[in-house]
Each structure stands twice: as C-alpha cells, then as structure tokens.
*Asks:* 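The structure that follows is given in the form of structure tokens.
Each chain gets a letter, A, B and so on, in the order the sequences are listed, and its residues count up from 1.
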There are 2 protein chains.
Amino acid sequence: MQRRHLIFGGAAAGLGALAAVGATLTGTAQNPASPALDIQLHGETIVPFYGVRQAGVQTPPQAHGSFIALDLNPGTVPDRVRALLKLLSDDAAKLTGGKAALADTEGEMAVRPARLTVTFGFGPGLMSVVAPAKAPAWLKPLPAFSIDRLVPEFSGGDLLLQICSDDPMTVAHAQRMLLKDSRSFATVKWVQQGFRRARGSDETGTTMRNLFGQVDGTANPGPGSQKFGAVVWGDAANPAWTEHGTSLVIRRIRMDLDKWDGLDRPGRDESIGRRMDNGAPLTGVQEHDEPDFDAVNAAGFPVIADFSHLRRARPEDESQRIYRRAYNYDVAPGAGRASESGLVFASYQADVNRQFVPIQQRLDELDLLNEWTTPVGSAVFAIPPGCQPGGFVGETLFV
Amino acid sequence: MQRRHLIFGGAAAGLGALAAVGATLTGTAQNPASPALDIQLHGETIVPFYGVRQAGVQTPPQAHGSFIALDLNPGTVPDRVRALLKLLSDDAAKLTGGKAALADTEGEMAVRPARLTVTFGFGPGLMSVVAPAKAPAWLKPLPAFSIDRLVPEFSGGDLLLQICSDDPMTVAHAQRMLLKDSRSFATVKWVQQGFRRARGSDETGTTMRNLFGQVDGTANPGPGSQKFGAVVWGDAANPAWTEHGTSLVIRRIRMDLDKWDGLDRPGRDESIGRRMDNGAPLTGVQEHDEPDFDAVNAAGFPVIADFSHLRRARPEDESQRIYRRAYNYDVAPGAGRASESGLVFASYQADVNRQFVPIQQRLDELDLLNEWTTPVGSAVFAIPPGCQPGGFVGETLFV
C-alpha cells in the first residue's frame, strides 16, 4: 500500500474531528492490525427529494437498494391512496434530507442519508383504484416469456417503494419508517434487497460486474449520457399526468452460479460476446470499443456469436434502448447449494412496450445466457413525476 | 451542504484518474441530480491475512459481515479436515490480498478487498473429528436460557467462516469462492449476513446503533482499548494449541420492531438505562460518562433501574468482560409484518464459561429488553491462532 496524503481545505467543517485537522493517512504498512479508517465522510450527502422528476432514477446508483411492493388493502378508496401518498412523500422528503420523519421513533438514525433516495411507482392495482382510464397502455404484467418461472412472492404489486442509499443502515431505517406508516393502508407483497460495490471502493463510473463476474452495463445509456433523457423521460404517447415520469420494470433473475462454474472462460466470453476480464467486445480491445457484428473468424463464423447475449440484447432500433439500474442479490443458500444469487434487474424506459418488450422477446427466443439464468419475479410500475414542497408524488393523478 | 475541498498530495497514484488531478468536490448545491461521487478510494485497502493472530477480530469492524457455518460430511477423517483448512487458508490469503484464489473463475472480482478478512472458527463437531481431547472446556453449546427460542437453522456448526469487508460485492465473491472449495468436504448449515454503517458514512469510532436505534456498545473494550488483549486473547487455562486464539459466540437475536414501536422514549431510555438520543447513562450527560448505579431519584428509586439492560449486562467482576463485534440484519418480512430484523450478535472472549455465560445468565434472569428480543440461534466456536505463509489456520491442532 502506498502512503496516501489527504489534505482538507478550510471549508472542511463537518468532516469529523480526526479528518479535519489535516490528516496523513497511511496504509497497512505501519499498523497492520488497523488500517487507517479516516476517509472523506459522505454520510451527510443529500440528494434533493423535491423536483420536477423523482430522484433515484437519474441519480448515479447508490451502493444499496431495497425494492418493496405493497398491496393496497381490499376496498381501498382513492382518498385513502391520496392520504398514503401524502404521508409517504412527507416521510421521504424528511428522511432523504437527513431528518427524522414525523412519526419517527428512531430519528437519530436519519442523520446520515448518504444519498438516500425514495422513488415511488404505481402498479396496475393502484391505477384501477384511483383512475383506471388514466393508466398507460404498457402498465400491465409483461407478456409471458418461455424462459420465465415466475413466483407470486416476487411478482406484481400495487405500490412500489424503491429505497437506495450508500449506507445500508440508512436503507434499513427508511424502509422501516415507510412501512410503519403504510401499515394501516397496505400490506407488504415482496421485498427485494441488493447491492453494488461500496461507495468509494471503486472508481466512479466503473461499469458494475454482476455475480457471474460479467461486466454488466457497458452500453447502458447512463445518467451522464446524451441519450438518457430520450430513453427514460416521457413519451408523447403516455398520459399527460405521467409527464416527467417514466416506467420501471423489475425482474428477479436467478443466476445459477453452481452451473456457471462448469463453463470455462472461452465459453463464458462466447456466451456473453464480451471478454470476462475487461468487458471488451470479442471484436475489440477496450470495454467501450464498438462491437463489430460483421466480423468473422478464420472458419467464417461470426466472432460475436448469434446466440451471444451481446448480439441478442443490443437493439438494432435505437428507439428500443432502456436504462438499467440493477442490484446484485446474494442470500442464504438452500440445503446442498453453495449460493443463492442473482440480479434484481431494474430498467427505466419511457414506454415498456416499445423499448423493453422487444429486447426481452429477442432474449427469450435465443440467448445463451438463458442456460444459467432464470427470471423468477416480474413487475411493472409507472413512475410518476416529482413534486414540490407542499405537494406529493402522484398528485397529478388526482387532478 | 458545504463545499468540500479535497486536495490529494503527490503520492496519489491508484486513487483513480478523476480524483488524482486534485479535485474540488462540491455538494449538492451546484448539481442537484448528481452529487459529487469522488471520495478517497478505499477498495484496495488490505488487512494482512498472515500473522500470529487471525485477522477479523481486532480489525475495526468492516461494514459488511457474513457468518457461515459448515457441517463436515459424515465420516470425515482428520486428514480431510487438514486438507480443507489448507485449501481455505490459501484462498483466504489470496482473496484478502486482493488476488484471485487458485480455482477462482471470477478473479477480477477479487481486486477490491476493501479490508476483507476471513476468520476461521472450529465447532465441537470439528474437534471431535480431529482431536477430541484437545477441545477447550467451553467449546460446547451454551447452557439453555429461558429466553431462548433456538432453531437448528441458525445454531451450531462444525466450521465457521467469518467473512467481513467494507464492500458487499467483495463479501459475496469471497463467500462464493470459499463455499465452492468447501463443497466436496462439507455442507452449508447456515448463513447469517449483516451490516453496520457504510465505510465513510460516519466518523471512525462512532458507537454503532442497532435497529432499535439504541447506541449499542459504548462500554465495549474495543480494538484500541487497553483491556482488549486481556479480554480476547488467550487464557492460561485454555489448551496450548489455542494460544493467540480466542472464542466466538454467535447469537441471532430477533428484534421485534413492531412491538418496540409501542414503547415511548422515556420507556425506552428506562429499559436500556441509557438515553436513546446519545447513549449517555441516565445518570450522565455524555455517551462515555461512567454510570452511577447508586444514584436515586426524588422518590428514592434507582435512576438506572434494576431491570435495565445497562445494569444487568454490566459485569461487577471485570474479568467477565467480552468484546462484541455485532452486525445488524434486516431481511424480507413475512406476511403481515413490517420488518424482520435483529442482530447477529458476535462476541469474542478468551473463555466462554468465565466471561460470556455469567453475563447471559444475568440477562436471562432479568433484563427488560427481553420483552422485545428473542434469541433464535446460538453457536460457539474456538478461534485458532493465525498462521504464516506456507502454513494454514488450525495447524497447531494437527501437531
């Protein structure tokens, strides 16, 4: 380990006493049992809740995410949905701002938001209660795919809460607070928790790897890309109340790591169409090299195989792009297994039918990765626009 | 948010291109959608695996922990245990050093250890295979406590792997790798995963809160304390092969947050004996003020109640101290509940019988916190000493 020198300027208030004095941080060489722990503090970093659009979509992905689907109580009337959304919006505004929610009995846990965002999504069930005629055409379960082995425990839901933060304690507290306030309105249908690399573990902007070790998301039109807006925000064909909103597809993709072990590196590279080591397409050298789908090898076969995930997932039609914001999951394995792992696949797109469904249909027809992956959960939500102080997420639906 | 100025000195190589140029980091004011993400990178920080003592005990707690108990296959002979320990020690040495393990098919995931430690523990079953006569007297299931509601799914086990890192991806990869290499030797009995605040979210040395919101561990004799060595490392009464080793008690403590909600703040303060807001004893002002157990209120009753957790947990006999290194858990709640949460309680002590059991007996007899907590899992392990390159953890047992 190199010695790392870190000097804080004058405006370092709030960085903690140890760091603020201008510390020389050392690696493990001098004190093997206790590597220096003082890094720039990020717990107080705030992502504003209020805005034209909801946070948690364009926000660079936080390290931890919890996706929660609620089912409204039977017989719920629109006014109750409105009351719930007002209550949860107020909670979310306070918590994301590092403040205790109104009914918060553990308010001290709110002081480190660490980029906490709370994003609300509306399922078909909520729309049918409030305003069935205003539901976007794509707000319904996805078409059945032959590869699906869906279970109800991870599918559907009336109201989605997406809670993301760089601190897992913050996610736990926000989740607890929001579910407490939801208790008299709705029941929990499912909870899916996941993670990416820790904040500060990797360079900003590094494409994440999934638990196959695959560099996953190279071509993703990320928050900083020119395409992002067109891919995610709005579509003239959508109902007016969804302006500045989007859609969210959540798929729980089980990954069979035990079976994946049986595949050697060349086999993995070929099934993906990219090199496992750095994510470069098999026709290139660097991760972001443009794949050459016409290239053939000495035997005349395509270098990027027809069955490869890269070729099948890549839309020929640019209007079919989606923005993925996935989280890995790794939970206690069942008897006789070494892991129970996968991906909480989450994608945002202006129109599910136009953008997401064609890609998934191609992958359903042919994608060698299907050998090692199984979709076990599926849900679609409308993500309404944001709100201003005094308002609430979803208010445009009640006008 | 204040503007935060961060200047990296000359030796900043490896900090990532964006940060290394000497960046001015801004908070949310200028770019609300995208708070600055560049913080000092900590993914490459290494805690040495080799040493007189195993890492992961005195190591300041990492943000994520996974505790895994394996059961040896029926009929396992000592040589097989030896082979397994050699294999896993070699894997652990490589992974904690940021390198791929020998059979690692996703070696690129190893490059961010983020203070990864792998700590091995031996249960009664392993000892009975290898050397029954060498088992410490305390290496057996804890005495039955009246508050226990233990389930086999979280209790016992022959071999413990404790995997901790500040990066959850690193934990997942190390866990996968170690379990892959264990497959032909043993089966997974249980996995318990937990978390604390993210690295860099809070000031170093802040006492953690559990999911009750309680400041938990104020009096803990931590890695930096004078008492640590005497509490944790060795005991003349223990077998010679355990020199520089210790013991680990793991208890899964379910916390009933729904019921806890019904208790107001004064009730919480009184049941704990400390203030919820800052952890100060009810007779003090600051967290680390020494509690005054003799103080009485105007009515003549003790300020720190007889039934309080503080009074019951605090040993009158200094030799009964333990070092706690716990992780919170928060998993998907069952039907009709808002949370399924608790603590993976983990404590190290030189002698379970002398140090841990008397404390737990006092808490079993009387502790108001028992109203809201239920132990559902329990396991005891001997933590052998560390090893040097070429050796393996547990080798002193085979001499």
Side-chain angles (χ1 to χ4, degrees), chain A residues 1-7 9 11 13-14 16 18 28 32-35 37-43 45-48 58 60 105-106 108-109 112 114-115 166-169 172 176 179-180 183 188 191 195 197-204 209 211 213 223 257 261 277 330 332-333 338-339, chain B residues 1-3 5-7 9 11 13-14 16 18 28 32-35 37-43 45-48 58 60 105-106 108-109 112 114-115 166-169 172 176 179-180 183 188 191 195 197-204 209 211 213 223 257 261 277 330 332-333 336 338-339:
Chain A
M1 299 299 295
Q2 300 110 342
R3 285 172 69 93
R4 291 174 175 177
H5 296 265
L6 193 58
I7 300 159
L18 274 171
T28 57
S34 176
L37 288 180
D38 301 304
I39 60 171
Q40 193 205 10
L41 297 182
H42 58 82
T45 313
I46 289 170
V47 177
Q58 194 151 1
T105 46
E106 294 89 21
E108 294 85 3
M109 295 175 74
R112 299 284 179 267
R115 301 201 300 133
D166 288 321
D167 190 330
M169 283 293 285
R176 171 77 193 153
L179 290 185
K180 257 161 68 169
R183 256 187 309 205
V188 174
V191 175
F195 55 86
R197 280 229 176 267
R199 172 89 184 267
S201 176
D202 227 336
E203 285 87 359
T204 300
R209 288 182 189 265
L211 293 175
L257 298 191
D261 276 343
D277 59 354
D330 182 49
S339 54
Chain B
M1 299 299 294
Q2 302 111 338
R3 286 173 68 94
H5 297 265
L6 193 57
I7 300 159
L18 275 170
T28 58
S34 176
L37 288 180
D38 301 306
I39 61 170
Q40 193 207 9
L41 297 182
H42 57 83
T45 312
I46 289 170
V47 177
Q58 194 152 0
T105 45
E106 293 89 24
E108 294 84 2
M109 296 174 74
R112 299 284 178 267
R115 300 201 301 135
D166 287 322
D167 189 329
M169 283 293 284
R176 171 76 193 155
L179 290 186
K180 256 163 66 170
R183 256 187 310 206
V188 175
V191 175
F195 55 85
R197 280 226 177 270
R199 172 88 185 265
S201 176
D202 228 335
E203 285 86 358
T204 299
R209 288 181 189 267
L211 293 173
L257 297 191
D261 277 344
D277 58 356
D330 183 48
S339 55

*Asks:* Should A:R176 and B:L257 count as side-chain neighbours, where that means a heavy-atom distance under 4.5 Å?
*Replies:* yes

*Asks:* At a heavy-atom distance under 4.5 Å, which candidate from B:D167, B:T105, B:L179 has the highest pair count against chain A?
*Replies:*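 It is B:D167.
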
*Asks:* Between A:A172 and B:F195, what is the shortest heavy-atom contact and its length?
*Replies:*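 Of all heavy-atom pairs spanning A:A172 and B:F195, the closest is CB-CZ, 3.9 Å.
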
*Asks:* With a 4.5 Å limit on heavy-atom distance, are the side chains of A:S201 and B:D166 in contact?
*Replies:* no

*Asks:* Do B:E106 and A:L211 have side chains that approach each other closer than 4.5 Å (heavy atoms only, starting at C-beta)?
*Replies:*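 Side-chain contact under 4.5 Å: no.
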
*Asks:* Applying salt bridge (charged side-chain N to carboxylate O under 4.0 Å, His left out), can you list everything that pairs with A:D277, at least two apart in sequence or on another chain?
*Replies:*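 Counting only residues at least two positions away or on another chain, A:D277 forms a salt bridge (charged side-chain N to carboxylate O under 4.0 Å, His left out) with A:R275.
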
*Asks:* What pairs with A:D202 under salt bridge (charged side-chain N to carboxylate O under 4.0 Å, His left out), at least two apart in sequence or on another chain?
*Replies:* A:R197, B:R112

*Asks:* Heavy-atom pairs under 4.5 Å with chain B - which of A:S339, A:A332, A:P168, A:A114 has more of them than the others?
*Replies:* A:P168

*Asks:* Supply the atom-to-atom distance B:M109 CE to A:R209 CZ, rounded to the nearest 0.5 angstrom.
*Replies:*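 With rounding to 0.5 Å, CE (B:M109) is 8.0 Å from CZ (A:R209).
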
*Asks:* For a 4.5 angstrom cut-off between non-hydrogen side-chain atoms, does B:P333 reach A:V191?
*Replies:*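 A side-chain contact exists here, since the closest heavy-atom pair is under 4.5 Å.
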
*Asks:* Which heavy-atom pair separates A:A198 from B:H42 by the least distance, and what is that distance?
*Replies:*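 Here A:A198 and B:H42 meet closest at CB-CE1, 4.4 Å.
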
*Asks:* At a heavy-atom separation under 4.5 Å, does A:P223 approach chain B through its side chain, its backbone, both, or neither?
*Replies:*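 Looking at A:P223, nothing touches chain B.
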
